[in-house]
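All heavy atoms count here, side chains included; hydrogens, waters and symmetry mates do not. Residue numbering restarts at 1 for every chain, and letters A, B, ... go by the order of the sequence lines. Worth saying up front: this structure is predicted, and the values here are computed from it rather than measured.
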Amino acid sequence: LSKLVNATSAPREWTEWIEGRVARIPPNRAGEILPWLRRVATAERNKSVFAAGDRQTPPVTFGLPRLNPAKQGAAGASEVIGIPLAGPGFYVVELSSPRLGAALLGKRAPMYVPAAALVTNLAVHLKWGVAGSLVWVTALDSARPVEGAHVTVHDCAGKALWTGRTDARGLARIDALPARDGLPNCSTGPVRPA
Amino acid sequence: VTIGHLPLSGTPQDVLAEIEYRDPNGETQTASTRVPLWPAAHVVGVRAGDWAAARGSLRADVAVVDVRGKPVAGAPVEVEVFHRDFYSYRKRLVGGFYAYEHVEEVRRAGPLCRGVTDGSGRFECEGKPPASGRLVLQASMVDPAGRRSTANQEVWAAGDDEWWFEARESDRIDLVPEQRCYEPGDTGRLQVRLPFREATALVTVDRQGVLDARVITLGGNAPVIEVPIASAWAPNVFISTLVVRGRVGGVQPTALVDLGRPAFKLGIAEIKVGWRAYDPNVTVTTDRAVYRTRERAHVRITARTATGAPPPGGEVAVAAVDEGLLELAANPTWNLLDAMMRRRSDAVSMATAQMHVVGRRHFGWKALPQGGAGGRQPTRELFDTLLFWRARVPLDGDGRATVEVPLNDAITGFRIGAVASAGEALFGTGATSIRTTQDLMVLPGIAPIAREGDRVRPEVTLRNATDRPMEVAVAGKVTGFADALAPREVTLEPGQAQAVGWDVTIPVGVTTLRWEIEAAARDGAASDRVAVTQTVVPAVPVRVYQATLTRVDGPLRVPVERPADAQAGRGGLTVTLRPTLVDGLVGVRDWMSRYPYTCLEQQVSRAVALGDERWREIADALPGSQDKDGLLKFFPTLELGSEMLTAYVLAIAQEAGWRLPHEAESRATAGLRKFVTGAIARRGELPTADLSIRKLAAVEALARYGLAEPALVDSIAIEPNLWPTSAVLDWWSILRRVPAMPQREPRLREAEQILRARLTVQGTTIGFSTERADSLWWLMVTPDVNALRLVLALVDAGAWKDEVPRLMRGALGRQRRGAWDTTTANAWGALAVAKFSRAYESTPVTGVTTAALAGASRRVDWTEARSGGALAFPWPPRREDVVVEQVGTGHPWVTIEARAAIPLAAPIASGYRIAKSFAPVEKRDGGPAWHRGDLVRVRLEIEAQSDMTWVVVDDPIPAGASHLGSGLGGQSRIATQGEQGTRLLAPAFVERGFEGFRAYYPFVPKGSFVVEYTIRLNQSGRFELPPTRVEALYAPESFGELPNRPFTVAP
């Protein structure tokens, strides 16, 4: 980004060249996270990750802050800016720029850079055994166990295998999860059945 | 024997010593022992007590014993402390790479204590360690002669302040159990090397699943977890601790770095749990220690649990086994509990989503500790020396049982073992040994095999077991010899043994020799008589060198002549007449029953072609030949299976109407599916672009079991015109068997057209226009296989009805010397012919068939002999015609086989050039002659002219010689050191038999390689040797042969 800014002879406001969009998946639709993660992982630079058109999660354009003028101009200068993500949930953020597209894709089309982020205070840990598995949920800030957390175990194709709640110690015991051979095989390509 | 210049050492060492002796069986055996080499007359040991949670002080238990294990009182000992540190640092290398360097530093921190051992040889001391952290306790003592002995143990000692363990870059921490082994009821203490001041910990006990879980809070002042050990955890469990730390207050995150972010670490430790509670004590006693042959031994068995009570409802399995057998290989299967208590793997993997939020490397598979052992199948195969076996003998209320063991004729030691079990959790083992003896013994030292024409000196050993001298007359006769063995007289002192031998020449034309040796004392007080059967194998085998299989449609004339170089008086002509073709496949059955090699494909093909009971045995053993994905392996000792072999076995078993064991079948088909869908990959032995062809063969096999659906061929480009004929046949079979195939009808027509277009009929044989490209030896496919599978498929599909008989005859015309080229071709051929006979041969044969040669005439009358007959003729003195005529209905099948024993005069190198040399490993003298007892290293240098898969090297050894290096007991480990093979070219399987050495190679590249093995010459004489042979199993035109000169061994 800084290279792009530096490369321009006219020091215009950089936000004119870049558009930022964000989509939020609230905690009650956690099942959609997996397809989104795969979509972000396989995203291409010349196509928007939102292009598939998901009506339930319309992306919202957000304003980009101005850069600190004091840091401008120096060779190799860079600045980290914050993107506001309000409330817990799963966020897909995408920046797009026709200017970057012209520079890197070699045609007059925008280039897209997506990323995904999870906003939560919960950490979930899984111990997966042949006979008997265990889920433990802790709070990230205090590292204390979390009671009554909803836990769902999905396979990578999105099928729910187990669902339940944690006890006072933050634990949820699962008697039988399928073994690794019995699970579908999903890399970034199409999902392959077991 | 005196060994000087022993190296000095502070710790005990072992000296491995071997001696060689000749046993009464005529074999040279090696006995070995380990002699401990002690550093001093007294040995010191040290153990650190309760260190995990101790603070400020350290306890050391020191014990001193002498070399017999007796405690030494009043010995001065000293305990010193060393401080041990490891430093690891990262070093930047040229090109932006990094390397890690590790340095260990050990420095003396100071003494802990010194003192004198008490009456039980022990000394305990406690003191403040001169340092904290990772320490090494070293106990040392000096014996009265001034020699020093030391021992050490590493401990971790806490200082007075908070314990602090450094945080490392990885997400692992050390979890250190105070002891490695615990008994049920103990409390295990584990130190968590916690890099946090405070953390919440999930402590789980894992083994194949989560057995127990607790959540605790750990503090930096004593991060120790305590785990009560349950008896169900035997033999081992994994204790795992996941510690999580929350956000550290007071450190604000910045945009670039978040030093106070939440963190986690994982530690796993394995502890062993004792199984004393499951192990009852079993004692076995007999009424005497020494018996005479054919007496009865009374055996008493008593079982007690760990608490001393009799096990409720217990029973024992009792076996009496020749100890000689156990000498060769110990039998660990008696230790049932050991087998059940084999170390279990963790099989719990760990994942955390914490890094999704706080950004950290994730560690799914890495959370697995190294896996445990498992799955070794106890195999019991040799029952010959089993004297007594009773699976269930109930124990009475007092935990006792009595059995009577009838002894046999063997003069040996027997081990009587009792394996006790009670309920589902108590398993114990006990054993005792008895001996059988008699006053005069004849111990035969006659080799198990001999070759025709060998000049040998077999020996028997006579032993006088009494305490008075004995005059003994020895007589013997051998069936197969014209004269009885010359009688001998020997005088034996008390306890003396003496060998008696006879010089004999093994006759030609016998298959076994039965030796009967009788010895009797002059005074008639003692006698013994033994009989031994010896197998005789030919040095120059009689082989079919020409064969004709045809239908008698009119008078048949076949010219025959004895080959000029054939041995006189052996071989001849056989005219075999059979009513149907399936019975007429004499040559194939003969070829298969003589086939020497033994990989799984060859065993299966043999069973198919011979159609006998062998299949049951092979099928039962199949699970042992499956790899982790269910694919079948050529040899059970290989790691990975082959998809082509699996497809072949499944297909031919289905075609033959045989079933695999259910479990093996479902695993094999599942493995093939995984291969086809790409879930598992198998590298072909020959790197070539044949994946589509291999996948088609796999789908074809699956289709035979109704397990193929159209989606399986999605990953294969359908280009039948470009495929080799075997793949087109597979494709045709898939289309016929899977009705749901898209565009099935046009594709079926296309496949059939391609086959018809490629088929060529020349005279009496058929072939394919693509034959040159169809020889896929690395996939076990030859043009013969294709021709036979085509006939089989046509009979199956009911297609080309008018042409099938002609094609069948054409396929028969491909035979050479009465058989097709490979094992797979002969197996498919046997099935094709059987199917053809059922469909096309219905006219019964009647009347009389006559065969005439050089004036002699023989006949088969079909009214008397429905199944035909075999007519034998000797070789005519000059070239003559065999004339076969049939009078009556039907057309019998005739096989005319010419057999001759043709010695190999010069080496043949049709793909492999062999050079053989002998080198002494151990030799009685420096002269050129070999002597009995010498060790010979045989070296074969083989030059391969092209890359080839599955090559076998078959080298004969002199009769009576024994192999070294098989790993059985009684063999020298020192003598086989330095055997050479090419390291990159390891055989998949090595057979060390009485007849010779055989090594099977999955892949032999073009170039030279070396095979070496070591044999011991146990017998003197002049030994005939058949040729050494190297051959490619699936490309029969590639082979090499080297004639061997007779091998002479001086006494």
Sorted by number, residues from residues 165-173 of chain A in contact with chain B (heavy atoms, under 4.5 Å): A:R169, A:L171, A:R173

Atom of B:A269, atom of B:L190 and distance for their closest heavy-atom approach: CB-CD2, 4.0 Å

Residues A:E32 and A:R39 bridged, charged N to O under 4.0 Å: no

Distance-only donor-acceptor check, side chains A:R21 and A:S48, under 3.5 Å: yes

Largest heavy-atom contact set with chain A, pairs under 4.5 Å, which of B:V243, B:T217, B:V248, B:L202: B:L202

Members of residues 203-216 of chain B whose heavy atoms come closer than 4.5 Å to chain A: B:T204, B:D206, B:Q208, B:G209, B:V210, B:L211, B:D212, B:A213, B:R214, B:V215

Residues in side chain to side chain contact (heavy atoms under 4.5 Å, CB included) contact with B:K674, at least two apart in sequence or another chain: A:D181, B:D629, B:A679, B:I680

Part of B:A201 within contact of chain A (heavy atom distance under 4.5 Å): backbone

Residue pair B:E709 / B:R673: nearest heavy atoms and the distance that separates them: OE2-NH2, 2.8 Å

B:P262 versus B:R247, closest heavy-atom pair with distance: CD-NH2, 3.7 Å

B:S715 versus B:K695, side-chain donor and acceptor atoms under 3.5 Å: yes

Shortest non-hydrogen contact between A:D155 and A:L34, atoms and distance: O-CD1, 3.4 Å

Pairs where residues 124-134 of chain A contributes a residue and the test side-chain hydrogen bond (donor to acceptor under 3.5 Å, both in side chains) is met, not counting sequence neighbours: A:H125-A:T138, A:H125-B:T352, A:K127-B:S240

N/O donor-acceptor pair under 3.5 Å between B:R667 side chain and B:D627 backbone: yes

